[in-house]
Amino acid sequence: MTKLEQIEKSVSELSPEELKAFAAWFEALQADLWDKQIEADAKAGRLDKLAEQALADHRAGRTRPL
């Protein structure tokens, strides 16, 4: 049995309360990983082109207040 299969089996056996706690933990983990990826992309300059385009759109009046 693979590690993933073991995890799937364990998760499927959780009680409703445990599953709710696991889901909250997993969602927080995914959010943290996303934040780290965005930070790494920003530091590496991979978002610069997008930021420049957004600023150009704003300067050209193609944006609106949120």
Side-chain angles (χ1 to χ4, degrees):
M1 181 179 290
T2 68
K3 193 174 194 177
L4 179 58
E5 289 169 335
Q6 292 171 350
I7 292 168
E8 289 172 344
K9 182 178 184 311
S10 294
V11 170
S12 71
E13 294 172 353
L14 294 175
S15 71
E17 296 82 20
E18 291 170 324
L19 184 57
K20 185 176 178 180
F22 173 77
W25 168 82
F26 190 71
E27 184 176 340
L29 174 66
Q30 288 181 306
D32 185 52
L33 293 172
W34 173 259
D35 289 345
K36 288 177 181 175
Q37 182 65 56
I38 290 291
E39 184 178 342
D41 288 346
K43 285 181 181 177
R46 289 189 283 273
L47 303 177
D48 292 353
K49 192 173 184 179
L50 294 172
E52 290 169 15
Q53 182 63 51
L55 290 171
D57 287 344
H58 182 68
R59 286 187 209 103
R62 293 187 293 263
T63 61
R64 62 178 194 262
L66 295 176

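For this chain, numbers begin at 1 and follow the sequence in order. Just so you know, these numbers come straight off a predicted model, no measurement behind them.
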Output for pair (Glu5 CD, Lys9 NZ), nearest 0.5 Å, gives 11.5 Å
Across all chains, not counting sequence neighbours, the salt bridge (Lys or Arg N to Asp or Glu O under 4.0 Å) partners of Lys3 are none
- Query: Parallel under 30°, tilted from 30 to 60°, perpendicular over 60°: which one fits the rings of Trp25 and Phe22?
  - Reply: tilted
Quiz item: Is Leu14 reachable from Ile7 through a run of I, L, V, M, F, W or Y residues, each pair having side-chain heavy atoms under 4.5 Å apart?
Solution: yes
Under 3.5 Å, sequence neighbours excluded: what are the donor-acceptor pairs made by side chains of residues 27-44?
unit_1 : atom_1 : unit_2 : atom_2 : d
Asp32  : OD2    : Lys36  : NZ     : 3.2
Gln37  : NE2    : Asp41  : OD1    : 2.9
Glu39  : OE2    : Lys43  : NZ     : 3.1
Asp41  : OD1    : Arg46  : NE     : 2.9
Asp41  : OD1    : Arg46  : NH2    : 2.9

